[in-house]
Amino acid sequence: MNKVNHFLRRTSLGSTVAMLILVAVWSAPTLGLLITSLRPRDLAEVSPWWEALAAPLSTPWTFEAYQNSLASGMLDSLVNTIAVAVPSTILPLMIAANAAFAFTFLNFKGKEFFFALLVALMVIPLQSSLIPVLRGMVWIQKTFDIELTGTYVSAWIVHSAFSMPLAIYTLRNYMMTLPKELIEAATVDGASYYQIFWKLVLPMSTPAIASFAIFQFLWVWNDYLIAFIFVGEQKAVMTYRLLRLLGQYGEGWQDVAAGSFVSLIIPLIVFFSLQRYIVRGLLAGSVKG
């Protein structure tokens, strides 16, 4: 028994050391980016960032890069990115939660076929569908005089549509772990499917919903392609603004470093607010609750 305890302690210590090394390796570029954004440009061009870290008191610090990035319209892009990311996270979750409930607790013809079709849709790359979707939106605009391209709505539709299969699959797997006896008891007591969904299933599925919401929000927040194609330059998101900050010849690299940290504020708030749900959501369906 003593040998087993000693082995477990050594294993735990080794795992801790390995994790600390990985954290240091993954954090080094971010730390370097932060230090670079706070140093004077002429100094950052001639000396590496770790020299400033080694002698922080003798290094001059400045917020000039942050002032330049904010003056270039970064705050407007922040608002545009929020306007794209928040609905693009809420809409697919609302629809996927209802669909996952139906695939889990309802019986209807072709249930397994439609679910298999949804799983198959997960392998379709987003880039292969951009041109047909864009042409469809242009046709709707010409036919029904409904303007979609160049608006937030077009990005909401595209992001929601392509995230829907994964959202339904994830939530359905989690809902399958919920106690069916509770659902059957609610049905016997006369509860409707609407009441069962809103008062029982949805509250119990909070870990899976929050987990998927984090990944969906971060994916949309960091997206450049869909926002550039369907929203455009007039309502530029932060990824596009960072590209413009860089300049044609890469002369704005320090402003990009500062702008990158401005763009990190909201994702960090979302992540640390909901991170306790990540593991529970990722383990959805692996064990019976």
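Count residues from 1 along the sequence. The structure presented is a predicted model; accordingly, all values stated were derived computationally and were not measured.
Put simply, the side chain of Thr170 never gets that close to the backbone of Ala167: no donor and acceptor are under 3.5 Å apart. Ser192 contributes a side-chain N or O that, together with a main-chain N or O of Gln195, makes up a donor-acceptor pair within less than 3.5 Å. Within the 3.5 Å criterion, the main-chain N or O of Thr151 finds a donor-acceptor partner in the side chain of Ser154. No donor-acceptor distance shorter than 3.5 angstrom exists from the side chain of Gln254 to the backbone of Glu64, with no hydrogens or angles considered. At distances below 3.5 Å, at least one donor-acceptor pair connects side-chain atoms of Ser77 with backbone N or O atoms of Ala236. In terms of modelled atom types and a separation under 3.5 Å, the side chain of Trp221 and the main chain of Ile82 share no donor-acceptor contact. Here the side chain of Trp61 pairs a donor or acceptor atom with the backbone of Thr59 at under 3.5 angstrom. Proximity of a side-chain donor or acceptor of Thr143 to a complementary backbone N or O of Ile140 within less than 3.5 Å is not detected.
Rounded to the nearest 0.5 angstrom, Ile168 CD1 and Leu118 CG are separated by 4.5 Å. We find the CG-NE2 distance between Leu126 and His159 to be 8.0 Å, quoted to the nearest 0.5 Å. Separating the CE atom in Met74 from the CG atom in Asn68 is a distance of 11.0 Å, to the nearest 0.5 Å. Summarising the geometry, atom CD1 belonging to Ile146 is positioned 10.0 Å from atom CH2 belonging to Trp139; distances are rounded to the nearest 0.5 Å. One distance of note links CG of Leu245 with OG of Ser72; it measures 4.0 Å at 0.5 Å rounding. Distance check, rounded to the nearest 0.5 Å: CD1 of Ile209 to CE of Met204 gives 11.0 Å.
With a 6.0 Å cutoff to the six-membered ring centre and a 45° limit on the axis angle, Lys111 does not count as a cation-pi contact of Phe103.
In this structure, a donor-acceptor pair under 3.5 Å is absent between the side chains of Gln216 and Ser88. Under 3.5 Å, the side chains of Asn80 and Tyr152 contain a donor-acceptor pair of N or O atoms. For Arg41 and Thr62, the side-chain atoms include no donor-acceptor pair closer than 3.5 Å.
Legend: side-chain hydrogen bond (donor to acceptor under 3.5 Å, both in side chains) pairs involving residues 225-234, not counting sequence neighbours, sorted by first then second residue: Glu233-Tyr240.
Under the 4.5 Å side-chain criterion, counting only non-hydrogen atoms from C-beta, Leu121 is not in contact with Met164. Proximity of Met137 to Val158: side-chain heavy atoms (C-beta onward) are separated by under 4.5 Å at one or more points. The closest side-chain heavy-atom distance from Thr239 to Thr81 is not below 4.5 Å. Two residues are said to be in side-chain contact when any heavy atoms from C-beta on lie closer than 4.5 Å; Leu130 and Ile229 meet this criterion.
Ring geometry for Phe105 against Phe101 counts as tilted: the plane angle lies between 30° and 60°, on a 0 to 90° scale.
Of all heavy-atom pairs spanning Ser163 and Pro92, the tightest one is OG-CB, 3.3 Å.
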